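These notes are about the structure you will find just below.
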Amino acid sequence: MSTLFRHLPSVAQALEALEVDPDISQFPRQLVKEQVNAFLDLCREEIRTGIIADAAALTLDALLPRLAAFVRSASRPHFRRVLNATGVVIHTNLGRSILARSAVEAVAHACAHYSNCEFDLGSGKRGSRYSHVEKILCDITGAEAALVVNNNAAAVLIMLETLARGREVIVSRGQLVEIGGSFRIPDVMAKSGAVLREVGATNRTHVHDYEQAIGDETAALMRVHTSNFRMVGFTREVSLPEMRLLGDRYGLPVLEDLGSGTLCDLAGEGLPGEPTVQQVVAQGADVVSFSGDKALGGPQAGIIVGRKEYVDRIKQNPLNRAVRIDKMTLAALEATLRLYLDMETARREVPTLRMITASQDSLRSKARRLAEAVRTELGDSAQVTLRKGFSRVGGGAFPEYDLPGTLVSVNLPGMSAESLRVALLGTDPPLVARIEDDALQLDPRTLTSSELKLTAEALRQAVDTIKDKA
Ligand SMILES: *Cc1c(COP(=O)(O)O)cnc(C)c1O
């Protein structure tokens, strides 16, 4: 074994061999050198553990493909594109919504050039960054005023801090939700300085529960969308119109954290009735907050719309500066909102909406094309079949609701679905998919047409990696 170590190429030899690689020759030399050292350490480890037991495997020629792949993968940006074959449209771990083409272009412009970000071209003086989206948000939602901040968590925080700091906000026990671990209504409420006044039981809350809790300390009544769970059985929630009546009777504002917040009524698509932001505004919520990158299909943002007297107070809050929205986000948000001026255009152009509302026919046809591409890449040994399956909206919209569609199921003899799933995380680009019934399932709903070939190629890469290791 000890003689094997001497067959390893030197760092200088490895560097020289890598120089001809057009990609690697662009990388900083110091970084390449560190990676070569790390790779040679790995080889020494493989000699010690008996994985490499043959001097022929240690020639520079034999090692070069693996070495180049090792250096390339370590030198890639950490933030990367992935192929989402999970069928979860608003996948928080995969960056939630992808943007419409016009929004992508708007972002590129906003960062490549100076802009009127906070400059009023009419007067030549300082302007407001919110002016770019306030009018369009009011036009679409029917609200009197609007404001955008960093995300919906920030929107809820600043709404409560402004309107209820040091006083009580009444919320149903059935709505004290936790979203993704780091956002819990009671915790955000505490951070805002507002005092949570819980009412009702977990499954049932009545108008009189709220009414009995109203007192001198009450600042607002609040409703929270139960985004990621669904209550069934013996349940009762107080509706927004009922809450509005109560608010009017006691002179209290009604706040609504809508969570996902859709601008487009999807009831016609067979999706369960989620209220749109327009409906919530029309039913009299005083302040409504929702995310920009959930069902809206835009960039990460927290959107606040509502009555002018309240929204104006939120705008004046010094905390606003700490949660302010960036110019790239503003550009993307305005471009996305412009698509909603015509709902048909929005359904066609906003990828999130397009994926949610995709027809059975289009999903089946995409699944067929994907299956064909996979067969072409993997050959006859692969079992590639179409099957009925379900996708999810994700992002706390339409909780627990399954979207029916067609999946491409892939089985390879002698290879476990789990080893395939793991190997796919290491392809370029990486592919994220799920396993069901012991087979890898690819959901074409969340893959664009131009990604079908890339998906098939990723599978080919994954299979090659598994074979190389065996
Ligand atoms: C998602 C969600 C939030 C948090 O929104 P972010 O935009 O992720 O900050 C808050 N409240 C509800 C009800 C949600 O669904």
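The shown structure was predicted, so the numbers you read here are calculated from the model rather than taken from an experiment. Throughout, numbering of the chain's residues begins at 1 and tracks the sequence. Whatever order the structure lists them in is the order used to number ligands and atoms, beginning at 1.
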* Qualifying residues under side-chain hydrogen bond (donor to acceptor under 3.5 Å, both in side chains), relative to Glu372, sequence neighbours excluded -> Arg375
* Is Arg307 paired with Asp286 through a side-chain N to carboxylate O contact shorter than 4.0 Å? -> yes
* **Short N-O contact, Glu242 and Arg244, less than 4.0 angstrom** => no
* Would you mind checking if Arg184 and Glu178 are paired as a salt bridge, meaning a charged N to carboxylate O distance below 4.0 Å? => yes
* Salt bridge Arg338-Glu105, side-chain N to carboxylate O under 4.0 Å -> no
* To do: Could you tell me whether Lys315 and Glu134 have a side-chain N and a carboxylate O separated by less than 4.0 Å?
  => yes
* To do: Please list, by chain and number, the protein residues whose heavy atoms come under 4.0 Å of ligand 1.
  => Arg96, Asn151, Asn152, Ala153, Ile179, Phe183, His225, Ser227, Asp257, Gly259, Ser291, Lys294
